[in-house]
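A short write-up of the structure that comes next.
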Amino acid sequence: MRKDITVAAQPRETRGKNEARRTRKRGLIPAVVYGAYKDPVTVAVSPKAIIQIVRSSSGYNTIFNLDIEGRENTPVMLVDHQNDPIRGNLLHADLKRIDLAKRLHVSIPIGTVGEPKGVKTQGGLLEVISRAVEIECLPDEIPEHFVIDVSELLIGQSKRFSDLALSGSMKLLSSPETVIAHVVTMRAEEVKPVAEAAPTAEAAATPAAGAEPEVIKKGKKEEAAEEAKPKKK
């Protein structure tokens, strides 16, 4: 989506790690601008300006003006960036010149609105499967997002990419049969059987009904003592 935003950029004549460090010490970050059949240009830009664009409602699909001091003022998009792995601050940005007369391939986020009938009256569950769709359109017609109404869905029904309302130069690139959201039956919780209690020591010691009493055998010493007793004549 094109916005009336202009970011100032300063050309950089040299490259390398040392030059990049000096650029960051000045509160800027190194960046490269390329595309539109023109030579790449290395510049320095404000990281705050780039972060504000990324965090805006149109995010990475934002087309803004880059004013390179003394060289050109051109519409661009942020196509890549590098963050510090520890601090998380922005270190570098790649910007692409945009030809406003040529179609772009972009990924657009999808949101849902409404509470499905299958949830309210049938006890179902809404599952969102796809949260973005690939389309092609002119730069000035890039939408911020798509919103699809799921309030009429019953259990077993779904909304697909083919249900999205495309307008102007928009052309669907993703498969039209891809499911955005559907209503499914709630899964019943599995009831685990109660484990049988272990027999107590008293119960283990008590013989079962109808069982024969255990015959206790005499030990060898007791048998020897019996044999040693004089036998009555």
Side-chain angles (χ1 to χ4, degrees), residues 1-111 130-146 161 164 166-175:
M1 183 175 188
R2 191 177 183 188
K3 292 192 174 181
D4 188 18
I5 299 173
T6 298
V7 174
Q10 299 175 6
R12 293 190 302 133
E13 302 302 334
T14 57
R15 299 185 183 186
K17 293 183 178 180
N18 292 333
E19 173 62 22
R21 291 192 188 98
R22 286 192 289 268
T23 299
R24 296 186 185 106
K25 284 183 179 180
R26 294 190 289 122
L28 304 174
I29 60 168
V32 59
V33 186
Y34 61 88
Y37 305 104
K38 295 181 180 180
D39 293 334
V41 178
T42 54
V43 298
V45 298
S46 165
K48 293 181 179 179
I50 301 299
I51 291 172
Q52 286 178 350
I53 290 171
V54 172
R55 293 178 179 175
S56 68
S57 57
S58 50
Y60 288 95
N61 291 330
T62 305
I63 299 175
F64 59 97
N65 295 319
L66 186 71
D67 186 5
I68 304 176
E69 183 181 345
R71 295 200 179 183
E72 61 179 308
N73 189 324
T74 182
V76 298
M77 288 179 69
L78 176 68
V79 293
D80 199 6
H81 67 282
Q82 180 185 356
N83 289 332
D84 186 292
I86 298 175
R87 298 180 180 179
N89 53 301
L90 192 62
L91 296 177
H92 187 274
D94 287 351
L95 305 171
K96 181 180 179 181
R97 298 184 186 94
I98 300 300
D99 185 342
L100 299 177
K102 291 189 175 182
R103 302 164 69 91
L104 292 176
H105 179 170
V106 289
S107 178
I108 306 299
I110 304 174
S130 304
R131 299 185 182 276
V133 62
E134 305 295 317
I135 69 167
E136 185 182 79
C137 64
L138 291 172
D140 286 334
E141 296 181 354
I142 299 175
E144 287 190 0
H145 58 266
F146 289 114
F161 284 162
L164 292 172
L166 303 182
S167 61
S169 63
M170 298 178 193
K171 177 184 176 182
L172 183 65
L173 297 180
S174 300
S175 171

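Taking each heavy atom of Phe64 and Ile5 in turn, the nearest pair found is CB-O, 3.5 Å. Residues Leu78 and Asp94 come closest through the heavy atom pair CD1-O, 3.5 Å. Pairing each heavy atom of Ile98 with each of Pro139, the nearest pair is CG2-CG, 3.7 Å. What you find for Met170 and Arg103 is that their closest heavy atoms are C-NH2, 4.4 Å. The minimum heavy-atom distance between Pro75 and Asn65, with the atom names listed, is CA-OD1, 4.0 Å. Residues Arg87 and Asp84 come closest through the heavy atom pair N-OD1, 2.9 Å.
When atom types are taken as modelled, the side chain of Arg12 and the backbone of Val43 share a donor-acceptor pair closer than 3.5 angstrom. No donor-acceptor distance shorter than 3.5 angstrom exists from the side chain of Thr23 to the backbone of Leu28, with no hydrogens or angles considered.
Distance check: Ser46 OG to Ile29 CD1 gives 8.0 Å after rounding to the nearest 0.5 Å. Here the CD-CZ distance, from Glu19 to Arg24, works out to 10.5 Å after rounding to the nearest 0.5 Å. Leu66 CG to Ile63 CD1: the interatomic distance, rounded to the nearest 0.5 Å, is 13.5 Å. Distance check: Ile142 CD1 to Cys137 SG gives 5.0 Å after rounding to the nearest 0.5 Å.
Counting heavy atoms from C-beta on, the side chains of Leu95 and Met77 never come closer than 4.5 Å. Side-chain contact check for Arg26 versus Arg22: every heavy-atom pair is 4.5 Å or farther apart. Leu172 is listed as a side-chain neighbour of Leu166, based on a closest heavy-atom distance under 4.5 Å. Side-chain contact check for Pro143 versus Met1: every heavy-atom pair is 4.5 Å or farther apart. With a 4.5 Å cut-off on side-chain heavy atoms, Leu100 and Arg2 count as touching. For the pair Leu138/Leu104, no side-chain contact is recorded, criterion being any heavy-atom separation below 4.5 Å from C-beta on. Taking 4.5 Å as the limit, some side-chain heavy atom of Asn61 sits within range of a side-chain heavy atom of Ile108. Side-chain contact between Ile110 and Phe161: present, with at least one pair of heavy atoms (C-beta onward) separated by less than 4.5 Å.
For the residue pair Ser57/Glu144, the side-chain donor-acceptor check at 3.5 Å is satisfied.
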Side chain to side chain contact (heavy atoms under 4.5 Å, CB included) between His92 and Val32, intermediate numbers included: CA-CA 8 Å; His92 187 274; Val32 59; 4.1 Å; yes
Residue pair Glu134, Ser174: steps toward the side-chain hydrogen bond (donor to acceptor under 3.5 Å, both in side chains) verdict: CA-CA 5 Å; Glu134 305 295 317; Ser174 300; 5.4 Å; no
Worked verdict on Arg97 versus Lys38 for side chain to side chain contact (heavy atoms under 4.5 Å, CB included): CA-CA 9 Å; Arg97 298 184 186 94; Lys38 295 181 180 180; 3.4 Å; yes
Chi angles and distances behind the side chain to side chain contact (heavy atoms under 4.5 Å, CB included) call for Val79, Tyr34: CA-CA 10 Å; Val79 293; Tyr34 61 88; 3.1 Å; yes
Criterion side chain to side chain contact (heavy atoms under 4.5 Å, CB included) on Val7 and Asp67, from CA distance to verdict: CA-CA 6 Å; Val7 174; Asp67 186 5; over 6 Å; no
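At a threshold of 4.0 Å, the pair Glu141-Lys171 does not count as salt-bridged, since none of the basic side-chain nitrogens sits closer than that to a carboxylate oxygen.
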